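Data first, discussion second: the structure below is written as structure tokens.
The shown structure was predicted, so the numbers you read here are calculated from the model rather than taken from an experiment. To find a chain, count down the sequence lines: A is the first, B the second, and so on, and within it residues start at 1.
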Amino acid sequence: MKTFKKNWEHFETESKLYNHWEKSGYFKPEVNPDGKPFVIAIPPPNVTGKLHIGHAYGTTLQDLMIRYHRLLGDASLYIPGMDHAGIATQTVVDKKLRKQGINKNELGREKFVEEVWKWKEEYGGEILKQLRAIGASCDWDRERFTLDEGLSSAVREAFVHLYKKDLIYRGEYIVNWCPKCGTAIADDEVEHVTQKAKLYYFKYDTNFPITIATTRPETKFGDTAVAVNPGDERYKEFIDKEFEINLDGVKRTIKVIADRAVDKEFGTGAVGVTPSHSLIDWKMAEDHGLSKVKVINEYGKMTSEAGRYEGMKVLEAREKLVEYLKSSELLEKETDIENNLSICYRCGGAIEPLPSLQWFVKMKPLVEKAKAAVKSGEIEIVPKRFEKVYFHWLDNIRDWCISRQLWWGHRIPVFYRKSANLEFKNQNLKLSKDDIFVGETPPGNLDDWVQDEDVLDTWFSSGLWPFSTLGWPKETSDYNKFYPTTVMETGYDIIFFWVARMIMMGLELTGKIPFKTVYLHGLVRDEQNRKMSKSLGNVLDPLDLIAKYGTDALRMALIVGSTPGQDVAIGESKIKGYRNFTNKIWNASRFVSLRVTDGDLQSGELGEGKIADLNIDEKLLTAADKKILGRHEEIKKTVTAHINKFQFSLAGEELYEYFWHEFCDEYIEASKDQLGSVIARKNDEAILKKEIAAPEGLAMTNNTKKILIKILSESLVLMHPYIPFVTDAVWQELREFVPDLADSIMISNWLK
RNA sequence: GCGCCCAUAGCUCAGUUGGUUAGAGCGCUACAUUGACAUUGUAGAGGUCAGAGGUUCGAGCCCUCUUGGGCGCACCA
């Protein structure tokens, strides 16, 4: 005879159940062929590495919605996939190769990219295993990778489309250059950290009348103007005058200009304008027609324009120049200030703004539609306050630099005719139409053409994710059925990088919004509400936690007590608490199963009893029965309402409280009386016979059994989106003696 | 500089059209328990919901201001 184990053994059961679900095809939207589509495209994790607890949080929220809608009867599709993560992955593989003594430049582009693919195969598989461990009910047959064939062709199509509409252009502009990564990065990939710096006050030479103040003296070799505020009386007499200067051997003509951007109060109220190495100065140069001199190169070293400083690293040049200024008595003073240093969000290295030939997407023409979609409510952002952040970003957007000087990524689908392009790279010549080809394969002899060396920003391909994963640009049946997707669940930290771009790209390329709702979750922090970091040693690995407490416990702990857009603090004690909950469910089910089948409570051996049907006799209801049945109906309604409003924490908390304290503590206790005395049954045959002989007693017992089964099985369905494993494990036990239960709880029904 | 969030029990947090006695987890106290579960149960302590003012029959929730903490965007050269 089968026994009901004493404790919930998640470790043995979870992966077995998952495999069973996957094999049975329950993750496919086709289990509800007539249902309306409910679609979530997973925010594709970077192939770079392991998933962290933040991924577990997002995945849990996504899977919760998917499982809920599957139970509602919707054609639920959860599209899995991964992102090639350009810079991040290239850097990691480069490092790995260097450790093996292999230089990527000696290896060559093709071989290097092969190495990255090998790496992707190895680590990508690990990530997929982790997603499965979290319980993600993805349709794995529809798994995508941003660099797979279909998505690559979607990327080319998108590029060509935008180019033809004149929304993509190439030009030499000041960009954020990361010398460490060796590539340009976009504006929003730059982070600012406050640092202590020195502000140096000096003159270029003794003949120059104005003292300027700067934290970066070494860039002053590239100055072509000094800007002052138009209302600043001190400098009025110099405005529009030109001066020949000699800064330690470097000769320049400096024009004094008036610009409102200059703050009279800061420093001396006079700014040395360095058009090539400051965005603001670049703009001033455009406005005032100043020449631009590049004194720092792509390696973070001084160029020949810096005279004897050529070849020095930026910091070295700064030191040397300050020494010179001191010795020539040009330095008036230096003060300590706090300022913001721009760093690369990937590598943390200092950003050098410098002019560079890059590809850009014009953003302004895409902004209005993207704003309108949210303003009209066509796209809903949860929580709503992030709409403001979204609008603010769109209102202040600048063109998006999409070319990256990397090898790992989508190579830009642009070809130049060899005979014509020789000077192009350096001089930004306008090529004639015949000499540039934008698309997949240039016409005529391929040998006549050379493809652009650069790849596209990772976010260019992820911007297409909701539709490229469904087959776009082809009008596949999946695309027709499942696009637009329903919910985009992701972290608030990538609202600009990703969410806004998907909306813009979706509207431009498909003419439709890419998703109806954006649900933004917060950061996962530790028990003391600190950021998780390796140096603090407070990083929680989801796989460790799953091994220890079970996936269900982790999922519940992540959801209950957390709200959208708000960071969530989590520690082992909370997870442990919910592990106790999963065990409580298991044991309550054990009790119910054993009593209903007349099994043995001590050994856990199930009896022969079966439930014939679930028709409850209203006339036999006790006060306890009525109470729990009433509460049960209420709970169904409120839980449904909460989930529909994305209030997952509230619904989870309610289920927890209801199941444990109302069903277990109150009703199950009350049911013990209604079911008759166990001791009597065990020890006294006569009493047992008497009980069975009494028709009302037996009817009461049977009615109570039916109520127990009804409440238990329906509660399991309600809890399944939160804790998929223990609920299905119990469901499988119940199927032994309860009629008409679906093969798996995950394909049963939400409210019968 | 512009904007956003937070301040509720010892700790971490829920509390969404304003409506009984403000909740959960963990922690704490006392007791119980060979009968599903000690990964348990019962009972309990613990809150002037940051402060001040306002709207209202009624405010943790709405409005204004103050204080303290955090974040985002922009950026000072």
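For A:Lys5 against B:A36, a side-chain-to-base donor-acceptor contact under 3.5 Å is absent. Looking at A:His392, its side chain has no donor and acceptor atom pair within 3.5 Å of the base of B:C4.
Counting to the nearest Å, the C1' atom of B:U40 and the CZ atom of A:Phe581 are 15 Å from each other. In this structure, A:Asn583 atom CG and B:U39 atom P are separated by 9 Å, rounded to whole Å. When the P atom of B:A24 is taken as reference, atom CG of A:Leu558 falls 21 Å away, rounded to whole Å. Between A:Asp567 atom CG and B:A7 atom P the separation is 13 Å, expressed in whole Å. For A:Ile397 and B:G72, the CD1 to C1' distance is 16 Å, given to the nearest whole Å. Taking atom CD1 of A:Ile570 as the reference point, atom P of B:A14 lies 13 Å away to the nearest angstrom. With rounding to whole Å, A:Met556 atom CE is found 22 Å from B:U12 atom P. Between the NZ atom of A:Lys548 and the P atom of B:U39 there is a distance of 15 Å, given to the nearest Å.
Of the P atoms belonging to B:U17 and B:C63, the separation is 15 Å, rounded to the nearest Å. Taking atom C1' in both B:G47 and B:U8, one finds a spacing of 7 Å when rounded to whole Å. Atom name C1', nucleotides B:A7 and B:U12: the rounded distance is 14 Å, in whole Å. The separation of B:A14 from B:G53, taken at their P atoms, amounts to 28 Å, rounded to a whole angstrom. One C1' atom belongs to B:U55, the other to B:G69, and the distance between them is 29 Å to the nearest Å. To the nearest whole angstrom, the two P atoms, one in B:C57 and one in B:G18, are 15 Å apart. As rounded to the nearest Å, B:U29 and B:G72 have C1' atoms that lie 45 Å from one another. B:A59 and B:A52 have their P atoms separated by 15 Å, with the value rounded to a whole Å.
When heavy atoms are screened at a 4.0 angstrom cut-off, A:Lys6 is found touching the sugar-phosphate backbone but no base atom. Counting any heavy atom pair closer than 4.0 Å across all strands shown, A:Ala569 reaches sugar-phosphate atoms only and no base atom. Within 4.0 Å of A:Phe386, counting heavy atoms only, lies no atom of the nucleic acid at all. Heavy atoms of A:Ser562 sit nowhere under 4.0 angstrom from any nucleic acid atom. Among the heavy atoms of the strands, none lies under 4.0 Å from A:Val568. Residue contacts shown for A:Arg579 include a base, since a base heavy atom lies under 4.0 Å away. Within 4.0 Å of A:Glu669, counting heavy atoms only, lies at least one base atom of the nucleic acid. The residue A:Gln566 sits close only to the backbone: its heavy atoms come under 4.0 Å of sugar-phosphate atoms, none of a base. A:Ile668 comes within 4.0 angstrom of a base, heavy atoms only. Note on A:Asp665: only backbone sugar-phosphate atoms sit closer than 4.0 angstrom, heavy atoms only; bases stay farther off. Counting any heavy atom pair closer than 4.0 Å across all strands shown, A:Asp263 reaches a base atom. Counting any heavy atom pair closer than 4.0 Å across all strands shown, A:Phe496 reaches sugar-phosphate atoms only and no base atom.
Distances from the side chain of A:Ile280 to the nucleotides B:A36, B:C76, B:C4 place B:C76 closest. Set against B:G41, B:C75, B:G15, the side chain of A:Thr563 has B:G15 as its closest nucleotide. Considering only side-chain atoms of A:Asn7, the nucleotide from B:G41, B:A36, B:U39 that sits closest is B:U39. Picking from B:C37, B:C75, B:G15 the nucleotide with the shortest atom distance to the side chain of A:Asn340 gives B:C75. In this structure, of B:A36, B:G25, B:U40, it is B:G25 that holds the atom nearest to the side chain of A:Tyr656. Set against B:C37, B:C75, B:C5, the side chain of A:Arg385 has B:C5 as its closest nucleotide. Comparing B:A36, B:C37, B:A14 by their closest approach to the side chain of A:Leu650 singles out B:A14. Checked against B:C75, B:U39, B:A36, the side chain of A:Asn580 finds its nearest nucleotide in B:U39.
Aromatic rings of A:Tyr656 and A:Phe581 (six-membered ring for Trp) have centroids within the 6.0 Å cut-off, being under it. A:Phe725 and A:Trp8 have their aromatic ring centers separated by at least 6.0 angstrom. For A:Phe648 and A:Tyr519, the distance between ring centers is under 6.0 angstrom.
With both pairing distances under 3.5 Å, B:C73 is matched to B:G1 as a Watson-Crick or G-U wobble pair. Across all strands shown, B:U21 forms no Watson-Crick or G-U wobble pair with both key distances under 3.5 Å. Across the strands present, B:C61 finds no partner; the criterion is a Watson-Crick or G-U wobble pair with both atom distances under 3.5 angstrom. Applying the Watson-Crick and G-U wobble criteria (two distances, each under 3.5 Å), B:U55 pairs with nothing in any strand. With a cut-off of 3.5 Å on both Watson-Crick or G-U wobble distances, the partner of B:U42 is given as B:A30. Base pairing analysis places B:A7 opposite B:U67; the two distances defining the Watson-Crick or G-U wobble pair are each below 3.5 Å. In this structure, B:A14 forms no base pair with any nucleotide, since neither Watson-Crick nor G-U wobble geometry is met with both distances under 3.5 Å.
Stacking of A:Lys584 on the aromatic ring of A:Phe659 is not recorded, the 6.0 Å distance cut-off and the 45° axial limit not both being met. Note that A:Lys333 lies in the cation-pi zone of A:Tyr201, set by a 6.0 Å cut-off to the ring centre and a 45° limit from the axis.
A side-chain N or O of A:Ser562 and one of A:Tyr57 form a donor-acceptor pair less than 3.5 Å apart.
In terms of position along RNA chain B, the nucleotide closest to A:Gly565 lies nearer the 5' end than the nucleotide closest to the other residue of the pair A:Gly565 and A:Ser589. Heavy-atom nearest nucleotides on RNA chain B were determined for A:Asp281 and for A:Val389, and the one closer to the 5' end corresponds to A:Val389.
A donor-acceptor contact shorter than 3.5 Å links the side chain of A:Thr638 to the backbone of A:Glu634. In this structure, the side chain of A:Arg579 does not engage the main chain of A:Tyr549 through any donor-acceptor pair within 3.5 Å.
Distances shown here put every side-chain N or O of A:Lys574 at or beyond 4.0 Å from the OP1 or OP2 atom of B:A24. In terms of phosphate contacts, A:Asn339 brings no side-chain nitrogen or oxygen within less than 4.0 Å of OP1 or OP2 of B:C75. The phosphate of B:C2 has neither OP1 nor OP2 within less than 4.0 Å of any side-chain N or O from A:Lys388.
Counting only heavy atoms from C-beta outward, the side chains of A:Val273 and A:Val226 never approach each other to under 4.5 Å.
A:Lys198 pairs with exactly one of A:Asp336, A:Thr215, A:Thr335 by the side-chain hydrogen bond (donor to acceptor under 3.5 Å, both in side chains) rule, that one being A:Asp336.
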